[in-house]
Amino acid sequence: MTNSPIDAGDDFASLLDETLGVGGTFEGSVIRGLIVTIDGDHAVIDVGLKSEGRVPLKEFATAGRAAEIKAGDRVDVFIERYEDKNGEVVLSREKAKREEAWTLLEKSFQDQQRVNGVIFGRVKGGFTVDLSGAVAFLPGSQVDIRPVRDITPLLGTTQPFQILKMDRSRGNIVVSRRAVLEETRAEQRSELIENLKEGQILEGVVKNITDYGAFVDLGGVDGLLHVTDIAWKRINHPSEALHIGQTVRVQVIRFNPETQRISLGIKQLDADPWEGVEAKYPVSAKFTGRVTNITDYGAFVELEPGVEGLVHVSEMSWTKKNVHPGKIVSTSQEVEVMVLDVDPQKRRISLGLKQTISNPWESFLERFPSGTIVEGEIKNITEFGLFIGLPGDIDGMVHMSDLDWEKPGDAAIQDFKKGDVVKAKVLDVDVEKERISLGIKQLSSDPFHDAIASIKKGDVVTCTVTHVTENGIEVTVEGLTGFIRKSDLSRERSEQRPERFAIGEKIDAKVTALEKGARKVSLSIKAREVEEEKQAMAEYGSSDSGASLGDILGAAMRKAQASEDK
């Protein structure tokens with residue numbers, strides 16, 4: 001043990017009384033001692049007692065810095081025990097600092113004054129703070145006004161705190177950094193609100209982001225930056241342009257002093273790209289843009305930052321109908337578009353994608369005018385006809401009535417199947433309605449028209465019975481289908497019975513009508529008989545002269561028979 005600075009003749013008890021008070025106890029007290037020497041990582045301290053004490057150097061260190069002490073320095077230490085098992089005084093610099101700090105902290109707590117401290121560690125639910133030797137607890141909710149994800153920048157720096165509660169007997173101190181910030185913000189808020197006006201440009205920090213915008217802390221007061229006021233260009237979500245903690249320059253768009261609501265804008269700091277948009281993007285001009293957004297009804301194309309136009313789904317493709325726009329274009333794709341309409345007041349530009357390529361119906365008409373024969377694959381078969389694929393990725397339709405001259409449409413359509421390659425004649429091209437009419441039967445001449453060229457209305461022709469019905473009989477004549485109604489089977493009512501005719505039987509009848517639309521010939525046996533009667537009467541006389549009708553008709557029949565025999 002080193003020599004004590006106290007003179008040998010001094011009475012130890014009297015010195016002790018002087019330090020602790022007469023009859024006092026030294027254990028648990030704070031005494032000023034002298035650093036005798038630095039021994040390794042300990043300081044040897046003489047406090048005027050029988051023996052010296054040793055204190056680890058780390059107890060003299062402050063947060064983030066090594067101990068700065070040397071022999072000869074005088075320091076306050078806490079006496080824990082008079083002697084330990086080695087006969088030394090047990091001293092503590094930390095407890096001395098804590099005792100001193102507690103006294104000062106209690107006064108600050110009573111006076112509601114801020115205290116300085118350093119955050120130095122993490123514990124469950126919060127952090128530990130060094131308040132000049134006293135360790136306090138900082139709850140996580142009291143670190144800042146808003147949640148802090150990374151506290152690293154706050155560690156090791158001296159900051160003001162407010163003591164929320166303290167209990168010396170238990171050694172508990174709870175502090176708040178948030179309370180200090182809120183008090184400071186309240187002062188800043190009052191000053192800011194007092195001087196705030198519309199059009200003012202400020203700096204703030206993005207505090208929170210929602211679907212409809214972002215809240216910006218202007219220093220004690222928050223303003224709303226709506227998503228439509230972030231940029232002139234389309235932004236689907238504020239997070240595309242902003243992040244929490246970001247410092248932004250904003251302009252006050254609206255301010256209500258009564259409700260203290262502040263609307264902010266960033267795009268207002270830049271020139272409006274829609275000014276003079278009609279001159280920049282004239283109708284019918286073509287431009288290249290980038291697809292920024294795709295919806296069910298079309299795609300938005302950015303022509304320049306802040307200026308977008310809509311390509312409606314109907315203006316996307318000549319041939320792809322009822323297809324989602326996402327199957328024609330993709331986001332971020334560069335496309336060529338044509339300006340169809342510009343409305344600066346509504347900030348709308350209508351664009352067309354299909355207008356940048358030729359109209360396939362116009363091109364088809366130029367290459368394949370009406371009467372041209374084309375060839376294509378049957379793409380689809382419906383109840384009303386065939387759809388045939390044609391050059392230009394378009395379809396033409398063959399109506400079922402244009403499939404065959406002889407067969408009914410529903411029967412003729414059975415002769416075709418999907419995938420067949422067929423030839424057809426172009427009947428009509430309607431560019432406006434985007435329709436092409438084709439015909440297959442038109443590849444050959446109409447046998448009906450060829451057949452009726454040899455007969456005419458009023459002719460008496462020989463027919464063959466093909467079918468007997470309740471209403472009359474069906475016949476064929478010169479390859480054509482004909483029909484004789486029940487009332488036309490005879491001039492005698494008793495003979496107007498279809499069943500008296502047999503299939504295959506040949507009969508003579510007069511042509512009464514040529515129905516080109518129905519492709520049928522109407523005939524009458526009755527009309528033939530009436531005509532023959534008139535001829536007989538004219539040739540052989542009238543029954544008024546005394547001859548009977550039977551005599552007259554008999555004479556006519558005999559003459560006709562004689563002519564046939566010759």
Side-chain angles (χ1 to χ4, degrees), residues 114 116-117 119 126-127 138-162 175-275 292 302 304-308 347:
R114 300 174 185 174
N116 291 328
I119 302 173
F127 306 89
L138 173 64
S141 61
Q142 297 298 318
V143 175
D144 207 325
I145 295 171
R146 66 183 68 86
V148 178
R149 295 181 181 178
D150 183 15
I151 199 174
T152 305
L154 300 177
L155 294 174
T157 59
T158 302
Q159 297 170 72
F161 295 90
Q162 190 76 37
V175 295
S176 169
R177 179 173 175 269
R178 176 176 177 172
V180 176
L181 296 176
E182 286 178 342
E183 186 178 333
T184 304
R185 280 173 61 87
E187 296 170 1
Q188 294 174 340
R189 179 188 180 91
S190 299
E191 184 180 348
L192 182 64
I193 292 294
E194 228 174 276
N195 302 317
L196 200 64
K197 58 182 180 293
E198 293 182 2
Q200 189 174 357
I201 298 173
L202 303 167
E203 272 198 358
V205 178
V206 178
K207 177 180 179 181
N208 190 27
I209 293 178
T210 68
D211 290 338
Y212 54 85
F215 287 95
V216 178
D217 182 359
L218 300 174
V221 62
D222 292 344
L224 173 62
L225 175 60
H226 196 271
V227 63
T228 57
D229 291 312
I230 294 175
W232 290 109
K233 68 177 184 179
R234 173 184 294 271
I235 292 179
N236 295 317
H237 195 275
S239 59
E240 294 176 14
L242 304 170
H243 60 267
I244 293 175
Q246 179 182 350
T247 300
V248 291
R249 192 163 169 262
V250 293
Q251 185 177 61
V252 179
I253 301 174
R254 287 177 299 278
F255 171 53
N256 188 330
E258 294 180 4
T259 60
Q260 295 191 353
R261 287 184 179 175
I262 305 169
S263 296
L264 305 172
I266 291 179
K267 74 179 186 182
Q268 285 76 7
L269 299 173
D270 298 322
D272 185 354
W274 282 86
E275 289 182 6
T292 57
E302 183 182 62
E304 66 173 87
V307 178
E308 285 184 344
R347 292 177 173 263

Which residues share a side chain to side chain contact (heavy atoms under 4.5 Å, CB included) with [X], sequence neighbours left out:
X: Asp222; result: Arg185, Lys207, Asp217
X: Gln200; result: Leu196, Lys197, Leu202, Val252
X: Gln251; result: Ile201, Gln268, Leu269
X: Leu224; result: Tyr212, Phe215

Q: Mark yes or no for whether Glu302, through its side chain, and Lys233, through its backbone, hold a donor-acceptor pair below 3.5 Å.
A: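 No, Glu302 side chain to Lys233 backbone: no donor-acceptor pair under 3.5 Å.
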
Quick one: list whatever passes salt bridge (charged side-chain N to carboxylate O under 4.0 Å, His left out) with [X], sequence neighbours left out.
X: Glu240; answer: none
X: Glu203; answer: none
X: Glu182; answer: Arg178
X: Arg254; answer: none

Q: Determine whether Asp229 and Leu264 make a side-chain contact, defined as any pair of heavy atoms from C-beta on separated by less than 4.5 Å.
A: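 The answer is no, as the side chains (C-beta and beyond) never meet within the 4.5 Å cut-off.
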
**Q.** Minimum side-chain heavy-atom gap Arg177-Asp144 below 4.5 Å
**A.**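 The answer is yes; the side chains approach within 4.5 Å.
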
For [X], enumerate each residue passing the side-chain hydrogen bond (donor to acceptor under 3.5 Å, both in side chains) test, keeping only those at least two apart in sequence or located in another chain.
X: Arg261; result: none
X: Thr247; result: none
X: Arg347; result: Asp272
X: Ser141; result: none

Q) CD1/Ile209 to NE2/His243 distance, rounded to the nearest 0.5 angstrom? A)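 Nearest 0.5 Å value for the CD1-NE2 distance: 8.5 Å.
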
